[in-house]
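The block underneath contains the structure these notes are about, expressed in structure tokens.
Quick caveat: nothing in here was measured; it's all calculated off a predicted structure.
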Amino acid sequence: MKKHRVLFLPDNKEIKIAEGKTLLEAARKLGIEIQSICGGIGACGKCLIQVREGEYSSYDLNSRPEHLSTIQSMEEEHMSPKEIKTNYRLACMAGVYGDVVVHIPESSRLYKHVILESGRERDIIVNPSIQSFYVELSPPSLQDQRGDLERLAQKLQDIHKLNDLEEDYQVLPKLPCRVRKDGWKVSAVIWDDKEICELYGGKNLDTYGIAVDLGTTTIAAYLCELNTGNCLSVKSTLNPQIDYGEDVITRINYCIKNRKGTKQLHKAAINAINQLIEELCAETNINNNNIHEMVVAGNTIMHHLFLNISPDPIGHSPFPPALKKPLNIKARELELKINPGAYVYLPPLLSGYIGADNIAVIIAEEPYLKEEMHLIIDLGTNAEVVVGNKEKLLCTSSPTGPAFEGANISFGMRAAEGAIEKIIIDPETLEPSLRIIGSEKWFPESKKIRPRGLAGSGIIDGVAELRKAGLIDSSGRFNFSRESKRLFKDEKGHSQYVLAWAKDTSIKRDIVISQQDIRSVQLAKAAVYVGGRMLMEQLGIKEIDRIILAGAFGNYIDKENALVLGLFPDCPLNRIDSVGNASGDGARLALLNKDKRKEAEEIARDIQHIEKSSDPYFQEEFFQALAIPHAEDPFPTVEKLLPENNRKGK
Amino acid sequence: MSEGLFEKLKENVLQGRMEKEDEGIEEGYEGQPGVKELTEEALEKGISTADILEAINEGMLSVGEKFEKGEYFIPDMLAASEAVGAAMEVLEPQMIKEKEQSKGKVIMATVEGDIHDIGKNLVTIMLKGAGYQVKDLGTSVSSDRIIEEVEKEKPQVVGFSALLDTTMAEMGKNIEALKEKGLRDDVKVIIGGAPTSDPFAEKIGADGYGKDAFAAVELVKKLLA
Ligand code: B12
């Protein structure tokens with residue numbers, strides 16, 4: 001098979017790749033991270049790169065745009081006429097048919113981004129399923145010829161009331177040596193009062209565990225001391241499965257299309273978690289063999305891939321998971337680099353699109369213990385929504401889509417340096433002020449850090465601020481009777497509002513919110529709103545006492561602006577809590593307190609899952625929820641912020 | 001038709017107003033005659049249904065342009081097509097009298113394994129508004145069912161909708177099934193839904209792809225011309 005050379009600049013990395021492979025594949029092989037939100041099907045336009053033309057003699061390389069497959073019309077849709085002329089391409093669509101030099105613009109790169117690791121402060125009851133018991137055994141004699149194991153088991157039964165203990169195989173080969181090593185004094189690590197999973201000579205009561213929040217986008221791992229409940233270190237990373245697709249459906253599709261897909265994604269997740277384990281251990285100086293338990297909470301697809309179970313059936317209606325029950329699996333089976341005899345606990349699943357991550361959020365927030373009517377939203381590409389209190393809990397999943405993560409948004413990007421995270425638009429002058437990640441001051445007063453794009457919280461702020469300033473009406477349409485040099489139609493007749501002029505941005509282009517961006521946000525927010533609203537209707541309630549926004553994203557969004565946008569039903573601002581990564585907290589609680597696992601299993605049994613796809617009113621509710629904040633439902637909390645001169649939504 | 005009435009019809013389609021009491025998409029229309037009243041007026045004045053349909057069609061084209069630019073959104077599109085529906089209701093008895101035939105028959109379905117139907121519903125409404133007879137088979141429709149309906153209804157066009165990356169492949173399977181039954185040459189196949197595209201349509205051997213409900217109407221017109 002023919003091979004060709006691809007040189008990436010400014011990275012200065014080169015690869016020889018088989019003819020017909022795409023530039024995106026070439027970059028991936030080199031470990032160069034390019035944004036690819038749609039999973040490489042030419043739909044998101046985020047992997048824009050430029051092909052250089054000419055002889056690169058120092059590399060002995062003749063680069064020509066014709067060395068790539070011909071440009072397709074769907075690529076051109078994502079480009080300005082100038083970009084088309086200057087040999088821009090989408091890396092995922094451009095096949096390599098000759099040597100090329102490729103420049104990757106800053107705006108197409110995936111940056112290490114801000115990940116929220118700690119949730120809110122919570123009282124934690126420490127009652128781990130792992131305990132280390134120190135016992136002193138009597139040595140054998142001619143009168144007492146019990147085996148070492150029986151001797152140990154008997155002692156554990158006599159002193160600690162541990163009956164009928166089983167043992168992990170790894171204990172057996174070490175047994176004779178370990179019991180004798182320290183004069184018949186041993187520490188046995190026992191799991192759930194049922195199994196000896198490790199044995200140490202002498203006194204060793206320290207046990208550690210790791211809780212993992214296995215998210216579609218990010219993975220966070222918490223190393224905890226199981227005796228005290230202290231969290232010693234937290235590490236997080238982007239989920240490397242992102243290379244195979246941004247959302248769960250594209251990943252399922254990858255598994256359907258590629259014979260080894262499930263295995264590849266499985267390996268990617270395991271490797272990433274092993275990397276985190278290594279970092280946690282290095283930082284705390286703890287031997288990874290002393291990690292005796294792990295809890296992993298993720299959505300159903302992450303759960304399946306973690307276990308190397310094919311997620312294919314979840315891609316089609318009726319979207320069935322392979323299993324729902326809680327699991328305990330040995331670390332060695334999954335090649336996790338903790339103690340090989342340790343168990344990995346996976347909380348139960350509720351459905352194909354409501355997973356253990358959601359259960360983790362629920363056991364962290366405990367709405368089932370409370371009188372107040374709760375609405376819990378875990379905001380992500382899929383928003384899981386829970387409504388209820390101690391009487392009853394309902395849940396559903398709302399397909400937000402990745403708009404709040406920057407896809408389908410012209411200048412959307414992840415929360416990384418240079419991303420606009422907060423926006424205020426002066427209702428008089430119609431001029432914006434921006435807060436940019438990496439800078440303490442507001443732009444344009446300070447121009448130390450130049451904006452590169454819009455983070456999710458900035459997208460919400462942007463649309464809400466446009467609405468408050470009367471620059472868009474409740475239907476989401478730009479209102480040209482508000483005059484501003486920032487509001488205009490481009491050469492193709494597309495309306496937009498400029499947040500930052502090209503001269504001030506790091507990408508040398510105007511950063512704008514376009515009419516289409518607003519439409520994407522409307523689709524996304526309507527899906528979330530309707531999720532909550534339909535559960536409320538099901539329960540026959542009109543008001544919510546407390547709204548809980550879980551997920552890292554929840555911490556950054558401006559609650560008032562989220563209400564102006566109509567992301568969720570009205571509620572006084574002081575009753576809306578952003579709790580950060582509640583799913584990570586729930587995983588930690590399950591690690592430190594085994595009763596929490598029982599609660600998780602009870603919830604999984606009792607919670608009622610509402611299927612929206614069969615609801616005949618969905619469409620109507622959805623259309624009403626497209627209006628900003630809503631076509632019918634009242635929003636007393638933010639009413640005064642909405643300009644009266646706007647027409648009512650249709 | 002009098003220039004004024006023609007323009008008014010067009011304008012009110014654009015404003016998505018069925019009747020007098022309706023608000024428009026912009027302010028200040030309430031109380032003025034809507035598409036229904038205007039159509040009645042036109043008929044009374046003896047204007048031909050063809051001319052009336054022409055005005056409505058022009059209105060719809062402008063709606064499509066505005067939708068394309070994002071100026072109009074889904075509820076606006078729906079309002080406009082409902083206004084057209086109101087006109088069709090007025091026109092229907094007249095059309096039957098004039099023995100105007102339906103422009104053609106279309107079958108629409110969301111493919112097996114997919115439950116998203118909002119987009120397909122909008123396409124259905126718009127096609128009906130444009131004068132086609134449409135049978136909507138609903139969501140998660142199996143190829144067997146599609147074959148059965150194509151055999152029974154003998155439509156000129158069948159349209160498939162899919163919103164999931166994982167279900168779009170069903171469209172290709174449906175086309176294969178049509179071929180197997182020797183029905184492929186009898187119907188045009190059109191496809192749509194967010195993950196699909198022109199190249200995809202080409203790849204699976206569909207006759208066309210439409211990126212929105214307006215494009216769907218244009219596509220059907222083109223294919224049946
Ligand atoms: C509404 C919605 C739902 C509703 C569907 C209700 C219904 N009756 O249709 C509900 C809540 C049930 C739903 C469920 C799911 N959804 Co959903 N859903 C959406 C959402 C928010 C909007 C889709 C929509 O209606 N758009 C508006 C219509 C008008 O546009 P359209 O469908 O594209 O149609 C236009 C054109 O495409 C074209 N067209 C359409 N069909 C055809 C056909 C022909 C022949 C032609 C010519 C043209 C044409 O014309 C239409 C009008 O202009 C999108 C996300 C988003 N922001 O877009 C996700 C989305 C489509 N869903 C998604 C997913 C994954 C799901 C689930 C499978 C999982 C989940 N929970 O998230 C579930 C199903 C599981 C379950 N058990 O329910 C994903 C798909 C991802 C992917 N890569 O494939 C999306 C993109 C969100 C995301 N998470 O990224 N969903």
Side-chain angles (χ1 to χ4, degrees), chain A residues 38-39 41-43 72-74 93 245 247 249-257 311-319 399 401 408 475-478 489 492-496 514-520 522-523 526 611-614 618-619 622-624 626-627 631 645-650, chain B residues 15-17 22-30 65-80 82-83 110-122 125 138-142 162-170 194-202 209 211-212:
Chain A
C38 65
I41 57 167
Q72 300 190 24
S73 60
M74 68 189 301
M93 300 304 285
D247 63 32
I249 285 276
T250 33
R251 287 186 212 168
I252 297 177
N253 205 33
Y254 185 85
C255 296
I256 294 177
K257 293 271 159 66
D312 300 4
I314 313 175
H316 293 79
S317 174
F319 315 102
N408 311 330
S475 79
R477 190 147 49 112
F478 275 120
K489 293 188 180 178
K492 287 186 194 152
H494 295 284
S495 319
Q496 53 188 28
S514 73
Q515 184 70 70
Q516 289 297 0
D517 294 345
I518 296 168
R519 300 314 189 190
S520 298
Q522 285 178 277
L523 281 174
E611 181 58 57
K612 289 203 296 291
S613 48
S614 46
F618 182 89
Q619 181 165 317
F622 187 67
F623 288 172
Q624 292 193 345
L626 289 170
N645 58 347
N646 284 335
R647 76 192 175 91
K648 271 271 216 230
K650 281 213 81 174
Chain B
Q15 291 298 332
R17 297 184 61 241
D22 291 346
E23 294 175 30
I25 286 168
E26 275 155 271
E27 305 264 322
Y29 278 89
E30 226 173 312
E65 274 164 31
K66 285 191 183 281
F67 186 79
E68 157 101 53
K69 290 183 191 142
E71 249 171 75
Y72 268 26
F73 201 29
I74 299 164
D76 308 315
M77 161 165 43
L78 194 68
E82 277 170 359
T110 295
V111 299
E112 182 155 26
D114 206 320
I115 44 78
H116 293 87
D117 66 354
I118 296 176
K120 180 215 65 193
N121 296 347
L122 290 173
I125 293 174
T139 60
S140 199
V141 182
S142 68
L163 265 275
L164 296 172
D165 282 6
T166 44
T167 56
M168 59 196 272
E170 295 296 322
T196 61
S197 62
D198 262 324
F200 178 73
E202 209 168 296
Y209 154 80
K211 69 175 181 330
D212 56 38

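In this structure, the side chains of B/Leu164 and B/Met168 stay at 4.5 Å or more apart for every pair of heavy atoms.
Looking at A/Lys492, only its backbone comes within 4.5 Å of chain B, counting heavy atoms on both sides. Using a 4.5 Å cut-off between heavy atoms, B/Tyr72 touches chain A through backbone and side chain atoms alike. Heavy-atom distances place the backbone of B/Glu68, and not its side chain, under 4.5 Å from chain A. Contact of B/Ile74 with chain A is made through the side chain alone, with heavy-atom distances under 4.5 Å. Contact of A/Ile249 with chain B is made through backbone and side chain together, with heavy-atom distances under 4.5 Å. There is no contact between B/Asp198 and chain A, counting heavy-atom distances below 4.5 Å.
With hydrogens and angles left out, the side-chain atoms of A/Asp517 and A/Ser520 include no donor and acceptor closer than 3.5 Å. Using a 3.5 Å distance cut-off with no hydrogens or angles, the side chains of B/Gln15 and B/Glu26 do pair a donor with an acceptor. Checked by atom type, the side-chain pair A/Thr250/A/Asp247 shows a donor-acceptor distance below 3.5 Å. In summary, the side chains of A/Gln516 and A/Arg519 do not present any donor paired with an acceptor at a separation below 3.5 Å, with no hydrogens or angles considered.
Contact count against chain B (heavy-atom pairs under 4.5 Å) is highest for A/Gly493 among A/Ser73, A/Ser514, A/Ala43, A/Gly493. Contact count versus chain B (heavy atoms, under 4.5 Å) is highest, among A/Ser613, A/Gly42, A/Pro399, for A/Ser613. Of the listed residues (A/Lys257, A/Gln522, A/Met74, A/Lys489), the greatest number of heavy-atom pairs within a distance under 4.5 Å of chain B belongs to A/Gln522.
In A/Glu611, the CD atom is crowded: over 12 heavy atoms of neighbouring residues, nucleotides or ligands sit closer than 6.0 Å.
Rounding to the nearest 0.5 Å places CG of B/Asp117 at 6.0 Å from OG1 of B/Thr139.
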